[in-house]
2 protein chains.
Amino acid sequence: MDVRQLEYFLAVVDHGGFNRAASALYLSQPSLSQAIRALERDLGSDLFHRIGRRAVLTDAGTALIAPAREAVRSLQLARASVESVHGLRGAGWTSRPRPHRPSSR
Amino acid sequence: MDVRQLEYFLAVVDHGGFNRAASALYLSQPSLSQAIRALERDLGSDLFHRIGRRAVLTDAGTALIAPAREAVRSLQLARASVESVHGLRGAGWTSRPRPHRPSSR
DNA sequence: TTTAATTACGAACGGCGTAATGATC
DNA sequence: GATCATTACGCCGTTCGTAATTAAA
């Protein structure tokens, strides 16, 4: 699984279809379709019912929405945490380097 | 950024070095080194001070630990949420399919 | 000299776009 | 026929391992 795939999944959910989602992601429909397929294969469950040319959420898909948003959010937070250490740029040198258990072994 | 990279990062932190971490991940040291480099480049900050042959956390690296664990955890939770819908396997068919705003446009 | 980390290079994999196919409205 | 989704195929970027290099203990 991959966060990028979750973002794609959420885009399909939020835009109500592969076509709209692909446009919003600046991605081609085939690529999006492949990505979703790969995610479904990885999870072992279909996330959408393909009804003709319409994509409808399965129960598994519905269950994924909330934790997917959470995962995306937590990754953004991780990036923000690093950036908050310094406005941007370079390597700080504040905390004193401590040897990592130089003792046993 | 990528969750895999965060897992690698956490492995280095938890095992106290690239070598140990690489072994634990069943990965070669060079590949791990590259992955960490890529992560640092992506974040715009060094995560470790390279003191001789020792890797010591920078402030940015320290700041990343907690949110990284959170991100990894949330992704595991996302997978678990899908699996919990059915023991494993196939596509459920419970929630009725509703058309996605067939109206305007 | 032994151990830890990096750099160099080549191979394998994955993600993307374009083109072509299937299917529904 | 027009639109939405899927396969087919080729390309490029990324990731990995092996081998060679650097550096510290």
Side-chain angles (χ1 to χ4, degrees), chain A residues 1-43 45-58 60-61 72 75 91 97-105, chain B residues 1-43 45-58 61 75 91 97-105:
Chain A
M1 186 164 39
D2 188 351
V3 179
R4 181 184 46 83
Q5 291 173 315
L6 294 183
E7 289 173 337
Y8 289 1
F9 165 73
L10 292 174
V12 174
V13 171
D14 292 337
H15 293 91
F18 282 68
N19 217 320
R20 306 278 183 83
S23 295
L25 293 168
Y26 299 98
L27 195 71
S28 68
Q29 296 93 338
S31 298
L32 181 57
S33 183
Q34 285 181 343
I36 299 294
R37 282 292 188 199
L39 179 58
E40 290 175 321
R41 201 157 13 84
D42 176 47
L43 293 174
S45 299
D46 286 358
L47 299 173
F48 298 96
H49 297 296
R50 274 71 170 188
I51 312 258
R53 60 188 200 185
R54 182 168 292 166
V56 181
L57 280 166
T58 62
V72 171
L75 206 69
R98 286 243 278 103
H100 183 273
R101 310 283 290 103
S103 55
S104 64
R105 202 244 185 253
Chain B
M1 187 164 37
D2 188 349
V3 180
R4 181 183 48 82
Q5 292 174 315
L6 294 182
E7 289 173 337
Y8 289 0
F9 165 73
L10 291 174
V12 175
V13 171
D14 292 337
H15 293 90
F18 282 69
N19 216 321
R20 307 278 185 82
S23 295
L25 294 167
Y26 299 97
L27 197 70
S28 68
Q29 296 93 336
S31 298
L32 180 57
S33 183
Q34 284 180 343
I36 298 295
R37 282 292 189 198
L39 178 58
E40 291 175 321
R41 202 157 13 84
D42 176 45
L43 293 174
S45 299
D46 285 358
L47 299 173
F48 297 97
H49 297 297
R50 272 74 170 187
I51 314 261
R53 59 187 201 184
R54 183 168 289 166
V56 181
L57 280 166
T58 62
L75 206 69
R98 285 246 275 106
H100 184 274
R101 310 284 290 105
S103 56
S104 64
R105 205 249 183 241

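The chains referred to below are lettered A, B, ... by the order of the sequence lines, with proteins before strands, and numbering in each begins at 1.
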### Task
Would you kindly compare A:G52 and A:Q34 by the position of their nearest DNA chain D nucleotide and give the one closer to the 5′ end?
A:G52

### Message
Without decimals, in angstroms, what is the distance between A:L25 CG and C:dG15 C1'?
### Response
14 Å

### Query
Should A:F48 and A:L57 count as side-chain neighbours, where that means a heavy-atom distance under 4.5 Å?
yes

### Message
Rounding to an integer number of Å, can you tell me how far A:L39 CG sits from D:dT6 C1'?
### Response
17 Å

### Presence of B:R4 side-chain N/O under 4.0 Å of D:dT15 phosphate oxygens OP1/OP2
yes

## Note on the structure
B:F18 CZ to D:dT22 P, in whole Å, measures 20 Å

### Task
Select base, sugar-phosphate, or nothing to describe what A:Y8 touches, counting heavy atoms under 4.0 Å on all strands.
sugar-phosphate

### Task
With heavy atoms under 4.0 Å as the rule, sort B:L27 into base, sugar-phosphate or nothing.
sugar-phosphate

### Query
Tell me, do A:D42 and A:D2 make a side-chain contact under 4.5 Å, heavy atoms counted?
no

### Query
Which sits closer to the 5' end of DNA chain C, A:Q5 or A:P30, going by the nucleotide each is nearest to?
A:Q5

### Message
Please report the distance, rounded to the nearest Å, between CG in A:L32 and P in C:dG17.
### Response
10 Å

### Query
So does A:R37 pair up with A:E40, basic N to acidic O under 4.0 Å?
yes

### Query
Rounded to whole angstroms, how far apart are NE2 on A:H49 and P on C:dT24?
16 Å

### Query
Can A:L75 and B:L75 be said to form a side-chain contact (heavy atoms from CB on, under 4.5 Å), step by step?
CA-CA 10 Å; A:L75 206 69; B:L75 206 69; over 6 Å; no

### Query
Rounded to the nearest Å, what distance is computed from the CD atom of residue A:E7 to the C1' atom of nucleotide C:dG15?
15 Å

### Message
Does A:S31 contact C:dG17 through a side-chain donor or acceptor facing the base, at a distance under 3.5 Å?
### Response
yes

### Query
Backbone N or O of B:D46 within a donor-acceptor pair of the B:T58 side chain at under 3.5 Å?
yes

### Query
B:N19 has a side chain; which of D:dT18, D:dA5, C:dA5 sits nearest to it?
C:dA5

### Message
Would you say A:R54 places a side-chain N or O within less than 4.0 Å of OP1 or OP2 belonging to C:dT24?
### Response
no

### Task
Kindly say if A:R53 contacts the phosphate of C:dC25, meaning a side-chain N or O under 4.0 Å from OP1 or OP2.
no

### Task
Round to the nearest Å and state the distance from B:E40 atom CD to C:dA5 atom P.
13 Å

### Message
If you assign A:Q29 and A:D2 each to the DNA chain C nucleotide with the nearest heavy atom, which residue ends up on the more 5' nucleotide?
### Response
A:D2

### Message
Does D:dA24 have its OP1 or OP2 closer than 4.0 Å to a side-chain nitrogen or oxygen of B:R50?
### Response
no

### Query
Under 4.0 Å: is that the gap between some side-chain N or O of B:S33 and OP1 or OP2 of C:dT6?
yes

### Task
Mind checking A:F48 for me? I need base, sugar-phosphate or nothing, with any heavy atom below 4.0 Å counting as a touch.
nothing

### Message
Given A:Y8, which partner from the list A:L39, A:V13, A:V3, A:L27 fulfils the side chain to side chain contact (heavy atoms under 4.5 Å, CB included) test?
### Response
A:L27

### Whole-Å distance separating the CD1 atom of B:I36 from the C1' atom of D:dC16
15 Å

